[in-house]
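Only one structure is covered here, and it is reproduced in the block below.
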Amino acid sequence: MTYTKHTIVVLSLLLSLQAGKCRHAKGGALIPTAKACSKETDNTIKKNHLSIPEFEPQLNHNAYGIDDMDNEPYKYKPNHNPSYDRYQPGTDNGSGYDSGYESNDESKSIPTQTISPSPTSVDTDAGFSFKEEIEAMRNKADKSRNITWHLSGDKLERVVGKNCNSLYALEDYVVIALNIYRAAEKICLLYGKNMPAIAKDARSLLSYYDKFVPYYDYEKNAKEEEENHWIKTIKKINYEVVAFLKKHVFPTVPLEAINKKLRLAENYVGLEDTHYDVTTTFHIKDQKFALEDKKNFPLIEKQKEKIRNRASEHWFNRLEEFEKMLFNSYVDKFLDDQHYVPTQLRDIIGCRNAYRKNVWSYDQNNNKILLGHYYHSGSLASPNPRKDDASIKADLEITQQNWEQVQQAANGIVWLSLNRNMGGQDIPLLKKLSEKKIVEDTLQTVGYDQFMNFSINELSTTPIFKHLVDKLPNHLPAFNQNLDQKKELEDQKRKKYGKALTKLQEAAKQLNLTNLWKQNTNTSDNYFANLAANYALCKILLGENMGISCKSGKDRTGMLSSWIDSKIIRAYYPLLDAKNSPVYKHLVYCCHYQLLASINGGMLGRFGMKPVKKNAEASCLSKPLFCKPATLTDIKLDTNQEGQEEGMEKSDKALFLPNLHAVEAA
């Protein structure tokens with residue numbers, strides 16, 4: 001049937017009018033319920049290009065947090081979006097929920113002498129699992145990018161299909177929202193409060209998602225409006241959750257402080273998930289490759305002892321009481337060697353967000369061939385400044401043991417820091433730029449002979465690298481018998497090694513001021529990132545151990561990792577690097593680095609990476625590569641929300657909107 005333009009407009013208006021029958025008394029659009037709109041068809045709630053029905057969180061519509069459940073217990077039914085097949089989650093039953101605390105007021109002292117975690121409690125809403133829903137939503141997000149999952153235990157294999165050229169997925173925002181709800185539920189449990197309203201609101205969000213028809217079903221050029229809609233939804237949910245926690249858990253705590261607690265809890269609750277070894281397979285032309293990141297940094301025994309005896313440890317006692325409660329409830333996860341330490345947990349023991357990276361190719365018989373490997377993580381040292389001697393000593397001890405943890409996995413490794421060697425922590429304008437503590441503590445621990453520093457942001461500092469370039473051999477030695485001995489392949493690798501070494505030697509002969517000038521004034525390239533990737537390539541081709549880190553091990557580390565992997569592949573397959581379809585572009589759209597930034601030890605749910613520096617290799621991909629979910633690391637409270645909670649101070653109303661165009665790498 002053919003519709004005229006006027007007919008479509010009339011139909012759209014009729015649909016909008018029908019949806020208006022299910023609006024809340026305050027005027028906000030609600031998800032139609034079975035009672036209110038039992039005769040409403042699915043088509044009446046489908047989004048069209050004229051309007052987007054909004055999701056209204058319900059947490060604060062009830063004074064006690066206990067929802068108006070039906071007389072019969074709610075029987076949860078999995079959501080079914082017709083656009084996607086339902087992913088069947090695995091069977092990891094470690095929920096990680098522990099409470100054991102009964103205080104309703106954070107101002108009261110919380111005893112921490114009893115540091116054994118209390119028995120794991122059951123979910124507050126039987127039949128609803130945040131873990132399973134988040135895992136399923138991640139799978140759907142990848143499916144919308146034409147990437148399929150094969151999950152077995154903690155082994156996740158992602159297979160990239162053809163025409164995978166978009167990084168945006170609305171499901172990434174649903175994951176962020178679900179994790180906000182999960183963190184709120186955990187906070188309530190810690191303070192002895194069972195709040196089924198939280199899980200019910202999460203179910204409502206999933207119902208909304210089920211009936212939400214993505215823009216690509218109507219207009220391919222309208223995704224930005226759709227994404228902005230989901231950003232607005234996230235801010236709305238976040239505000240409602242913070243206000244709910246203020247009313248029921250933290251009545252005397254300012255809203256902004258509660259918001260920070262929620263962000264912290266979001267990182268801890270990620271320990272309830274299965275933490276994967278991730279392999280992403282993809283093709284460049286007819287050649288098959290795989291990027292693999294896996295657990296390779298088990299805690300050393302000294303670290304485990306300090307966790308078990310944490311009640312007498314300075315590093316633990318300097319944590320706020322709220323974080324002590326969170327740590328205590330997940331202590332088993334830190335000790336089991338099956339979980340990555342989340343990247344935002346700056347002050348605890350253990351390497352954060354740490355992986356071993358393997359780059360594989362496949363022969364004609366589908367046998368894997370290891371092209372190279374290296375290691376990457378968040379900084380070995382805490383970025384937080386210390387003034388008292390006890391904290392300074394505790395920090396250095398943690399850094400030293402983190403280094404021992406690395407050496408246990410890779411002895412003789414050279415460690416490359418991507419942080420700025422810049423002070424000014426006490427100066428407000430320079431606070432975010434200051435990372436001198438990371439560089440100095442790491443250098444002191446690792447030692448000059450195994451340490452290198454390239455800061456790869458737009459505003460960079462003097463590099464430390466020349467002494468290690470001088471140690472590289474002038475020629476690539478002959479490969480051992482376990483590697484390919486074909487002359488053509490060996491010549492290719494020798495040629496690639498020679499080019500990389502030449503660039504490094506040229507930079508080493510220049511004044512530091514000259515190198516710094518090239519990095520900070522060139523807007524079309526990232527000079528230091530190229531040098532860092534070339535050094536890493538030389539070490540990898542030599543078969544020697546190499547590790548890289550930034551502050552969080554997400555943005556700068558992820559970008560440099562993509563460059564290193566591209567150079568490894570081009571060393572073996574130079575003909576694949578076509579001008580119209582370069583290797584790095586394939587690596588970006590396989591979404592491997594973006595996924596690592598948002599799972600396991602990354603910033604949970606924040607898919608993607610934030611910008612590092614405009615450069616030739618990433619500029620054409622800067623918009624999709626640095627997608628908006630990655631900028632939601634710190635969700636500021638939105639002043640535009642309707643209604644105010646009783647008892648809020650005026651200072652609580654002076655809130656801020658999130659900066660969605662942040663360019664500073666975490």
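Computed over heavy atoms, backbone and side chain alike; hydrogens, waters and symmetry mates excluded.
Between the side chains of N421 and N453, not a single donor N or O lies within less than 3.5 Å of an accepting N or O. No side-chain donor from either of S455 and R420 sits under 3.5 Å from a side-chain acceptor of the other. Residues N353 and H376 have side chains that never bring a donor and an acceptor to within less than 3.5 angstrom of each other. No hydrogens or angles considered: nothing links the side chains of E171 and N139 as a donor-acceptor pair under 3.5 Å.
The two residues G602 and K554 come nearest to each other via the heavy atoms CA-CD, 4.1 Å. Here the shortest heavy-atom pairing between G153 and T274 reads O-CG2, 3.7 Å. Pairing each heavy atom of N179 with each of R182, the nearest pair is OD1-NH2, 3.0 Å. Shortest non-hydrogen contact noted between N411 and N545 is O-ND2, 3.2 Å. V414 approaches K539 most closely through the heavy-atom pair CG2-NZ, 3.7 Å. The shortest heavy-atom contact between L371 and I540 is O-CG2, 4.4 Å.
Looking at R318 and E323, no side-chain N of the basic residue comes within less than 4.0 Å of a carboxylate O on the acidic one, giving no salt bridge. Using a 4.0 Å cut-off between a side-chain N of Lys or Arg and a carboxylate O of Asp or Glu, R386 and D441 do not qualify as a salt bridge. Under a 4.0 Å N-O distance rule, the pair E272/K131 does not qualify as a salt bridge. A salt bridge between D395 and K437 is present, with a side-chain N of the basic residue lying under 4.0 Å from a carboxylate O of the acidic one. Residues E404 and K302 are paired through a salt bridge, judged by an N-O separation under 4.0 Å between the basic side chain and the carboxylate.
Open room surrounds NZ on K260; 12 or fewer heavy atoms of other groups in view lie less than 6.0 Å from it. No more than 12 heavy atoms of other residues, nucleotides or ligands shown are found within 6.0 angstrom of CG on D389.
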task: Please report the C-alpha distance between S379 and T442 in whole Å, then the side-chain angles of each, then the deciding distance to 0.1 Å, and finally whether the side-chain contact (heavy atoms from CB on, under 4.5 Å) criterion is met.
output: CA-CA 8 Å; S379 62; T442 307; 5.6 Å; no

task: Could you walk me through whether S391 and D388 pass side-chain hydrogen bond (donor to acceptor under 3.5 Å, both in side chains), step by step?
output: CA-CA 6 Å; S391 284; D388 61 287; 3.1 Å; yes

- request: Report the C-alpha distance between I548 and I564 in whole Å, list the side-chain angles of each, state the deciding distance to 0.1 Å, and finish with yes or no for side-chain contact (heavy atoms from CB on, under 4.5 Å).
  value: CA-CA 11 Å; I548 60 175; I564 293 171; 4.1 Å; yes

field: Evaluation steps, side-chain contact (heavy atoms from CB on, under 4.5 Å), between Q344 and R263
entry: CA-CA 9 Å; Q344 299 294 327; R263 296 289 84 78; over 6 Å; no

message: Between K368 and L370, is the side-chain contact (heavy atoms from CB on, under 4.5 Å) condition met? List the steps.
response: CA-CA 7 Å; K368 293 168 68 175; L370 183 63; over 6 Å; no

- request: Could you please spell out the steps behind the side-chain hydrogen bond (donor to acceptor under 3.5 Å, both in side chains) verdict for S549 and R556?
  value: CA-CA 8 Å; S549 67; R556 286 170 282 189; over 6 Å; no

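Here W315 and F327 bring their ring centres to under 6.0 angstrom of each other. The aromatic ring centres of F130 and Y181 sit 6.0 Å or more apart. Close placement of the F297 and Y375 rings is indicated, their centers lying within 6.0 Å of each other. Checked against a 6.0 Å centroid threshold, the rings of Y589 and F282 do not count as neighbours.
In this structure, the side chain of S598 does not engage the main chain of L604 through any donor-acceptor pair within 3.5 Å. In this structure a side-chain-to-backbone donor-acceptor pair under 3.5 Å is present from Q408 to P298. Between the R346 side chain and the T343 main chain, a donor and an acceptor come within less than 3.5 Å of each other. Under the 3.5 Å distance criterion, the side-chain polar atoms of D277 are left unmatched by any main-chain donor or acceptor of D154.
Of the options R606, R145, K140, a side-chain hydrogen bond (donor to acceptor under 3.5 Å, both in side chains) to D172 is made by R145 and by none of the others. When each of N317, L319, N328 is checked for a side-chain contact (heavy atoms from CB on, under 4.5 Å) with R310, only N328 meets the rule. Only one option out of F454, F465, Y535, W563 pairs with F528 in a ring-ring contact (aromatic ring centres under 6.0 Å, His included); it is F454. Exactly one of L560, T557, D565 qualifies for a side-chain contact (heavy atoms from CB on, under 4.5 Å) with Y593. That residue is D565. Each of Y276, F334, Y355 was checked for a ring-ring contact (aromatic ring centres under 6.0 Å, His included) with Y340, and the lone residue meeting it is Y355.
The cationic atom of K261 (NZ for Lys, CZ for Arg) lies less than 6.0 Å from the six-membered ring centre of F250 and within 45° of the ring axis.
Taken from CG in L416 to CG in L468, the straight-line distance is 9.5 Å, to the nearest 0.5 Å.
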